[in-house]
Amino acid sequence: MEGLTLSEAEQRYYCDLFSYCDTESTKKVASNGRVLELFRAAQLPNDVVMQIMELCGATRLGYFGRSQFYIALKLVAVAQSGLPLRVESLNTVKDLPLPRFVVSKNEQESRHTALYSSDADNPASYSGVIPPPPGRIQVKKGSVSHDAVQQRTSTDQQESTSPVVSPQQSPPTSPHTWRKHSRHPSGGNNERPLAGPGPFWAPFSEAQPGSSTSSDPIWSGHSPPPHQENWVSFADTPPTSALLAMHPASVQDQTTVRTVASATTTNEIRRQSSSYDDPWKITDEQRQYYVNQFKTIQPDLNGFIPGSAAKEFFTKSKLPILELSHIWELSDFDKDGALTLDEFCAAFHLVVARKNGYDLPEKLPESLMPKLIDLEDSTVIPVISEVGEQTGEVGYSSSPAEAPPSKSPSMPSLNQTWPELNQSSEQWETFSERSSSSQTLTQFDSNIAPADPDTAIVHPVPIRMTPSKIHMQEMELKRTGSDHANPTSPLLVKPPDLPEENKMSSSVKFTAGNTVNGYSSSDSYASDPEQIGSTVTRQRSHSGTSPDNTAPPPPPPRPHPSHSRSSSLDMNRSFSVTPGQQQAGVVAYPPAVPPRPQPSQGAGPHVHRPVDAEGLIAHTSTSPQQIPEQPNFADFSQFEAFAVSGVNKEEEDEIETHSEVLQVEKPSDSASSLRVAKADGRVEDKAPANVPTSAGKGTTPLAPPPKPIRRRLKSEDELRPEAEEHTQKTGVIAAVLASQPSIPRSVGKDKKAIQASIRRNKETNTVLARLNSELQQQLKDVLEERISLEVQLEQLRPFSHL
Amino acid sequence: VLVSIISSPPQNYPLYIRSVPTENELKFHYTVHTSLDVVDEKISAMGKALVDQRELYLGLLYPTEDYKVYGYVTNSKVKFVMVVDSSNTALRDNEIRSMFRKLHNSYTDIMCNPFYNPGDRIHSRAFDNMVNSMMMQVC
């Protein structure tokens with residue numbers, strides 16, 4: 001079957017007929033019965049019918065496919081016009097009126113006949129002919145109009161009807177359309193190039209009537225989906241020509257003019273809208289036209305058209321301000337008061353659509369969205385464009401013909417999604433607004449500040465990390481030293497114990513400890529089960545401590561320390577001392593305690609020493625804990641002493657009595673040394689000098705260099721023996737003393753040890769600082785409780801008096 | 001719930017009025033009109049203070065037995081008035097602020113439209129949709 005060139009009107013008509021005959025809705029085959037009926041209605045002699053059927057190939061195929069059907073219809077028209085039936089006549093016959101079928105079957109045919117007969121110069125003017133659907137704006141891309149421009153002139157003369165498309169107008173224009181149609185296939189495309197804006201404007205008005213009229217039949221015949229049209233082989237005619245074919249050049253001209261919304265003419269008729277299925281598509285021609293228009297206002301294609309200029313431009317279209325305002329709202333995507341090229345094209349397109357009778361959408365159609373417009377250009381499908389029947393967009397519509405069907409469903413969906421997105425965004429916005437006022441939003445950052453100890457944990461974490469890192473390093477060193485496998489844990493534990501925030505609550509500590517533990521564990525060791533255990537213990541200890549810290553200190557701490565210690569410290573076992581109270585201070589360090597036999601051992605003796613004293617004992621207990629927490633601490637008896645002192649503080653916080661203990665301890669040499677140690681420890685005695693001093697003081701440089709050394713020494717030797725003495729201050733002193741002797745030894749050792757001790761001292765200092773803060777916090781808490789209790793007491797007193 | 005936008009003085013005529021429960025609309029109109037005095041009073045009270053976002057929101061203008069009136073004024077003295085039912089206790093101040101903010105944003109979008117002349121009544125469909133959706137959320 002050779003290619004069939006159909007005018008737009010023809011195409012529509014044929015499509016309708018095919019649909020009519022497609023009783024089975026196969027869209028592929030017209031039922032023979034219906035076809036035969038149709039042919040009978042054509043009032044053609046049977047032999048002619050047979051000939052037609054033969055020519056179209058139906059007899060060969062045995063059924064009427066779409067192409068056959070179309071050919072048959074064309075042949076019917078040919079026959080009805082009295083021309084000999086020949087295959088050649090299919091494409092050669094110009095101005096072939098639409099086949100006429102006697103109306104007897106249905107309205108459709110009658111309607112078609114009426115409609116098309118009007119096109120076919122039938123005088124009958126059927127006002128009842130389906131008026132062009134209001135929604136079908138045969139938006140003609142500029143290109144189309146361009147083509148039509150030239151032809152337009154001829155049609156313009158003929159067209160004198162009002163722009164409004166009406167069936168009556170079709171007759172006068174139809175002949176033109178047909179004529180032009182004949183011309184189109186040949187030269188349609190040539191006329192494509194967009195003319196300048198000026199000509200468009202002028203012909204626009206002229207073209208409008210013609211196009212409008214011609215568009216009528218097209219519209220009526222639009223029913224078949226475009227894709228069906230595509231089926232017809234329009235290989236002959238390029239899409240543009242197909243466009244032209246569909247509409248007479250005048251129509252095209254009109255479309256172009258329409259699109260231009262010429263200010264010169266009444267922009268009423270812009271029937272030629274984009275494809276029916278997707279009226280918002282912009283074809284290449286249209287887009288090109290828009291771009292040209294854009295250039296007239298703003299030479300820079302990447303620039304903006306200011307609102308005022310755009311306003312003037314679009315006011316020329318003579319649309320009501322309200323509609324222009326709405327178009328602006330739709331097209332100004334970024335709400336900046338200026339139009340980019342895409343926005344301008346969208347706005348222009350909407351204006352064209354509106355002029356053609358389309359109603360403005362509520363939301364910007366997907367195809368017009370700035371990002372999508374560019375994509376549309378690629379959707380033009382030349383061949384299929386012939387189908388053109390789609391609501392009138394000749395040419396470009398044809399190309400979109402296929403695209404639109406596919407896109408139109410997507411478009412609405414996208415349009416739907418867009419509103420949904422808008423809604424969602426709005427909802428989201430609302431939610432955010434509702435949930436937090438601007439104040440709260442701005443205050444969000446401030447909210448980051450720890451409002452509670454738990455949150456404070458976050459901050460401490462990084463802080464801790466450094467020390468932990470240091471600890472880690474030290475721990476690694478120590479590990480290498482093999483003596484202080486545990487030290488790492490104490491070190492690690494210590495940071496948590498001494499969170500920098502004073503808020504440190506047990507929970508804080510806990511988390512800090514956890515984090516640190518985790519961190520340290522991850523860092524410090526690759527394979528230090530002890531550390532893991534330490535972390536675990538630390539955690540546990542933290543948990544143990546946390547309740548202690550938060551809860552009223554006095555009673556619980558005592559038991560807790562023991563618990564924590566027991567859980568955390570091996571020292572507990574070893575020392576078996578750790579009175580509850582004193583261990584309260586230890587509680588603070590439970591995390592640090594981790595089961596490190598060595599450090600614990602080392603700490604144990606230290607712990608014991610403080611344990612001797614009321615507070616000291618506890619301190620010692622804590623110190624041992626601390627020791628494991630921090631290798632430095634653990635190692636250093638000094639540290640222990642210091643820890644004791646520190647612990648004393650904690651205990652004081654927790655247990656007011658501890659303060660006394662601390663004082664009690666002080667009298668002892670160790671106590672003094674402890675005090676000194678405290679001072680020194682905080683001062684961060686690093687140098688080996690600290691060692692001797694610490695040695696002398698025993699407690700001052702808890703973090704003296706010798707610590708590691710001590711640990712090694714003590715942990716194994718001293719600690720154990722010290723552990724025995726743990727229960728007594730003397731033990732502490734002894735430990736201190738023991739450490740002292742160790743100190744010189746350490747001093748005498750290596751610089752390496754000194755450096756290590758320095759590091760440990762630093763760590764110890766950090767830990768102690770934290771401990772200090774914790775203790776202070778605990779002190780505050782305890783004091784508050786005391787005050788509250790006193791108040792209660794006073795309240796009760798009157799009653800007692802009564 | 002009713003939303004109203006009053007133009008800048010001295011005209012002080014409503015550019016936009018929309019209420020969700022359409023009954024008693026006249027009463028709402030009257031309420032809005034009377035609230036203008038309160039708004040002006042608050043504006044004058046601000047004196048020479050620089051107008052910032054905080055001050056744009058006037059807060060509860062005055063409560064009556066049935067409803068509460070909230071006010072918001074822009075830098076160009078365009079006033080937004082919102083009347084909500086007193087029974088609607090779920091509305092927090094933050095929500096009212098957010099609603100006013102949305103109103104203001106939409107209003108600026110309308111202003112950006114070159115086809116809109118300041119002083120015209122607002123017929124924007126998008127604006128209507130926004131206001132309707134907002135009021136639906138409240139009710």
Side-chain angles (χ1 to χ4, degrees), chain A residues 304-315 317 319-339 343-344 347 350-351 359-364 418-420 422-443, chain B residues 1 3 15-16 51-60 70 72 82 84 88-139:
Chain A
F304 291 92
I305 289 187
S308 54
K311 176 179 178 180
E312 291 177 13
F313 183 80
F314 287 111
T315 307
S317 68
L319 283 179
I321 294 292
L322 184 60
E323 296 187 5
L324 288 174
S325 175
H326 187 67
I327 289 175
W328 177 275
E329 277 182 5
L330 292 178
S331 59
D332 189 3
F333 208 64
D334 46 4
K335 298 280 183 278
D336 57 356
L339 297 180
E343 291 174 346
F344 178 82
L350 288 171
V351 171
D359 289 331
L360 293 178
E362 284 296 321
K363 300 210 184 290
L364 191 65
W418 180 253
E420 291 170 359
N422 285 341
Q423 285 182 358
S424 61
S425 64
E426 289 174 358
Q427 291 168 359
W428 177 85
E429 179 185 354
T430 303
F431 175 78
S432 64
E433 289 175 345
R434 281 170 175 263
S435 59
S436 61
S437 66
S438 59
Q439 295 178 355
T440 59
L441 285 174
T442 56
Q443 291 171 357
Chain B
V1 179
V3 170
L15 298 175
Y16 181 85
V51 181
D52 61 351
Q53 183 68 20
R54 211 61 56 77
E55 294 174 15
L56 292 180
Y57 175 70
L58 302 175
L60 182 61
Y70 294 93
Y72 185 97
M82 194 181 310
V84 296
N88 196 343
T89 55
L91 275 182
R92 303 196 320 264
D93 190 62
N94 288 342
E95 295 173 3
I96 302 288
R97 283 179 189 269
S98 70
M99 288 167 73
F100 274 127
R101 204 175 310 120
K102 280 169 65 175
L103 269 178
H104 199 169
N105 289 337
S106 301
Y107 180 72
T108 54
D109 289 342
I110 290 178
M111 279 294 143
C112 287
N113 192 332
F115 299 103
Y116 174 78
N117 302 319
D120 292 347
R121 299 206 174 236
I122 295 174
H123 295 287
S124 158
R125 259 178 268 176
F127 188 78
D128 288 345
N129 294 338
M130 186 277 297
V131 170
N132 284 335
S133 67
M134 197 170 68
M135 290 197 290
M136 287 303 166
Q137 289 171 356
V138 173
C139 297

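Chain identifiers are assigned alphabetically (A, B, ...) following the order of the sequence lines, protein sequences preceding nucleic acid strands; residue numbering begins at 1 within each chain.
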Is there a donor-acceptor pair under 3.5 Å between the side chain of B/Asn113 and the backbone N or O of A/Ser325?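 Yes.
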Out of curiosity, B/Arg125 CZ to A/Leu322 CG, how far, rounded to the nearest 0.5 Å?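 Separation between the atoms: 7.5 Å.
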Could you pull out the closest heavy-atom pair between B/Pro114 and A/Ser308, with the gap in Å?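 Looking at all heavy atoms of both residues, the shortest contact is CB-N, 4.3 Å.
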